[in-house]
Amino acid sequence: MSSKTMPSTTMQNTKPSLPSVSWQLTSFAELSAYQIYNIIQAREQVFVKDQKCSYIDADGLDFEAMHLSAYQDDTDSQNINKNHAAQVLAYCRILAPVITNHPDMPSTAHSYPRIGRVLVVADYRGYGLARQLMIWAIDYCHIQFPKQPIHISAQTYLIEFYQSLGFICDGLVYAEEGIEHIHMILDDIKA
C-alpha cells in the first residue's frame with residue numbers, strides 16, 4: 001500500500017494556536033529512516049520517559065503495521081519523507097488481523113484489527129489530536145477490515161475517552177508495565 005497523506009486540519013482552542021496538522025498513513029517499508037527514528041523517539045518520550053515504562057518497544061510488529069502520524073503542517077509536506085526535522089505530534093500503529101492455525105505462529109497472532117501505541121507528545125496535548133488520530137485509525141480499519149470489531153488495550157484513565165469513540169470494556173483490568181489497562185472493543189460496524 002502506498003503512502004497516503006491525509007487532508008490537513010486546523011485546531012481551535014484556547015491554547016496558543018497549533019497551526020495546521022498533516023496526517024500521514026504509511027506502511028513500514030514506505031517510512032524513511034528519519035520518520036522511523038522520529039516515531040521511535042516519540043514512543044520513547046511518551047511511554048518510557050513520561051510514563052516510566054521499561055518494555056521492549058521493538059516487538060517485531062512494526063514491519064506489518066500501518067503507521068498513522070501527525071506532523072505540524074508548517075513543515076514542508078515534501079520533506080515529511082526526507083527531513084529529519086519533521087517532528088511527530090501524534091501517532092498510532094494499526095495491525096491487521098492475522099489468522100493462523102500454524103502451531104509455530106507467534107502468540108501475537110490475532111483474528112481482529114488492533115490499534116496500539118497511541119500517543120500525543122506532551123507539548124501537543126489538549127488540541128484534540130488524540131480524537132482525530134483515533135477517528136482516522138478507526139475509519140481506516142472500517143475500510144480495510146469491514147465488519148470486524150476493532151480491539152485496543154487502553155490505559156484505564158482513558159476509558160471514558162475511548163468510550164466516547166464507541167469502544168466498550170471487555171474483561172478485567174490488568175497491569176502492563178505497572179499501569180492499569182483494560183481490553184476494549186469497537187463493535188460499531190459501519191461497513
| task | Begin with the C-alpha distance, continue with both residues' side-chain angles, and end with the deciding distance and a verdict on side chain to side chain contact (heavy atoms under 4.5 Å, CB included) for M184 and S153. | result | CA-CA 6 Å; M184 298 185 81; S153 176; over 6 Å; no
| field | Chi angles and distances behind the side chain to side chain contact (heavy atoms under 4.5 Å, CB included) call for V46, R125 | value | CA-CA 11 Å; V46 171; R125 293 179 190 148; 3.7 Å; yes
| message | Assess the residue pair R93 and F28 against the criterion (side chain to side chain contact (heavy atoms under 4.5 Å, CB included)); give the C-alpha distance rounded to whole Å, side-chain angles, the decisive distance to 0.1 Å, and a yes or no. | response | CA-CA 10 Å; R93 71 178 182 187; F28 187 84; over 6 Å; no
| request: Could you walk me through whether S111 and V98 pass the side chain to side chain contact (heavy atoms under 4.5 Å, CB included) test, one step at a time? | output: CA-CA 5 Å; S111 61; V98 178; over 6 Å; no
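A heavy-atom distance below 4.5 Å is found between the side chains of Y124 and Q87. Side-chain contact check for Y162 versus V118: some heavy-atom pair is nearer than 4.5 Å. Counting heavy atoms from C-beta outward, L129 and L89 have side chains that approach closer than 4.5 Å. For the pair Y37 and L31, the minimum side-chain heavy-atom distance is 4.5 Å or more. R114 has its side chain out of reach of I94: every pair of non-hydrogen atoms, C-beta onward, lies at least 4.5 Å apart. You'll find the side chain of H183 stays beyond 4.5 Å of the side chain of I152, heavy atoms only. Contact annotation: the side chain of C92 never approaches that of L119 to less than 4.5 Å [non-hydrogen atoms, C-beta and beyond]. Taking the side chain as every heavy atom from C-beta outward, L68 and Y91 never approach each other to under 4.5 Å.
Between I182 and G171, the shortest heavy-atom distance links the atoms CD1-O, 3.5 Å. Nearest heavy atom pair, residue S27 against residue H67, reads C-CD2, 4.2 Å. Across V120 and A130, no two heavy atoms sit closer than the pair CG2-N, 3.7 Å.
Under the 4.5 Å side-chain contact rule for hydrophobic residues, L165 and I168 do not share a cluster. The hydrophobic clustering, which links ILVMFWY residues whose side-chain heavy atoms are closer than 4.5 Å, places I185 and V173 apart. The cluster map of Ile, Leu, Val, Met, Phe, Trp and Tyr, joined by side-chain heavy atoms under 4.5 Å apart, puts L186 and I159 in the same cluster. L172 and I179 fall into different hydrophobic clusters, where Ile, Leu, Val, Met, Phe, Trp and Tyr side chains are chained together by heavy-atom contacts under 4.5 Å. Under the 4.5 Å side-chain heavy-atom criterion for ILVMFWY residues, no single connected hydrophobic cluster contains both Y174 and I115.
With values rounded to the nearest 0.5 angstrom, W23 atom CH2 is found 9.5 Å from I135 atom CD1. Residue L158 holds its CG atom at 10.0 Å from CD of E160, rounded to the nearest 0.5 Å.
Residues S164 and R131 bring a donor and an acceptor atom of their side chains to less than 3.5 Å of each other. Looking at E180 and Y157, their side chains never bring a donor and an acceptor atom within 3.5 Å of each other. No side-chain donor from either of E30 and Q35 sits under 3.5 Å from a side-chain acceptor of the other.
Between R117 and D59, at least one side-chain N (NZ, or NE/NH1/NH2) sits under 4.0 Å from a carboxylate O, which counts as a salt bridge.
Only one option out of F167, Y140, Y112 pairs with I150 in a side-chain contact (heavy atoms from CB on, under 4.5 Å); it is F167.
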